[in-house]
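What follows is a short report on a single structure.
Below, chains carry the letters A, B, ... as their sequence lines are ordered, and counting in each starts from 1. Any value given below was found using the heavy atoms of this structure, including those in side chains, with hydrogens, waters and symmetry copies removed.
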Amino acid sequence: MNYFLVKSEPFKYSWDKFNEDGRTFWDGVRNYQARNNMKEMKEGDLVLFYHSNEGKCVVGVAKVVKEYYQDPTTEDPNWVVVDLAPVEALANPVSLAQIRAEESLADIALIKQGRLSVMKLKDTEFDKILEMSQ
DNA sequence: GCCAACGTTGGC
DNA sequence: GCCAACGTTGGC
């Protein structure tokens, strides 16, 4: 099982909207590194949902319900999407500042590579963030 | 709203 | 294949 983190700007696609929809295809990724990470997602993998810009915090957990396939919003075969569904909201959102302040999370791409929108997490990092949300 | 970081594009 | 110019992302 792998763990990931995806970013979304709440104005574009918020956690609330995601829960209303119940399921969505994760489109709009136009970065090769992020795309490659999406291609590694398998059904059942867990994904943290992060709000960028407004909020700047991890707000919930999602799961992969369908592996990658051609992005239906473009003809360009370079780009793919995965299907995600909400699992649960975090009791307390974990802010970027909290993550930055946590030594064991200093290496995650959210800190090191600010612009990457889909990233892989180690299971220990995933667990740590969940723990911080309790 | 500004600006730093960084990925992408295109001229050479 | 290098590198400057440009565009975009995202924190502040």
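Taking the side chain as every heavy atom from C-beta outward, A/M41 and A/N2 never approach each other to under 4.5 Å.
Of the listed nucleotides (C/dC12, B/dT8, B/dC6), B/dT8 has the atom at the smallest distance from the side chain of A/Y32. Relative to the side chain of A/S117, the nucleotides C/dG11, C/dG10, B/dG7 differ in distance, and C/dG10 lies closest.
Rounded to whole Å, the distance from CD on A/E54 to C1' on B/dG1 is 13 Å. Here the C1' atom of nucleotide C/dG10 and the OH atom of A/Y13 are 21 Å apart, to the nearest Å. If you take CG of A/L116 and P of C/dG11, they are 12 Å apart, rounded to a whole angstrom. Counting to the nearest Å, the P atom of B/dC6 and the NZ atom of A/K112 are 12 Å from each other. Between A/N31 atom CG and B/dA5 atom C1' the separation is 13 Å, expressed in whole Å. When rounded to the nearest whole Å, the span between CZ of A/R100 and P of C/dC12 equals 5 Å. When rounded to the nearest whole Å, the span between CG of A/L5 and C1' of C/dG10 equals 14 Å. The distance between atom CG of A/N78 and atom C1' of B/dG7, rounded to the nearest whole Å, is 14 Å.
Not one side-chain nitrogen or oxygen of A/Q113 sits closer than 4.0 Å to the OP1 or OP2 atom of C/dT9. Using a 4.0 Å cut-off, some side-chain N or O of A/K7 falls inside it from OP1 or OP2 of C/dG10.
Counting any heavy atom pair closer than 4.0 Å across all strands shown, A/Q33 reaches no nucleic acid atom.
For the side-chain hydrogen bond (donor to acceptor under 3.5 Å, both in side chains) with A/D76, the lone residue among A/N78, A/T74, A/T73 that qualifies is A/N78. The one candidate from A/K66, A/R23, A/K63 that meets the salt bridge (Lys or Arg N to Asp or Glu O under 4.0 Å) condition with A/D83 is A/R23.
Between the side chain of A/R115 and the base of C/dT8, at least one donor-acceptor pair of N or O atoms lies under 3.5 Å.
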Inset, instruction - Please assess A/E131 against A/K128 for the test salt bridge (Lys or Arg N to Asp or Glu O under 4.0 Å), listing each intermediate value before the final yes or no. - result: CA-CA 5 Å; A/E131 187 187 312; A/K128 185 71 195 175; 3.5 Å; yes
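Proximity of the aromatic rings of A/Y32 and A/W79 is defined here by a centroid distance below 6.0 angstrom, and this criterion is met.
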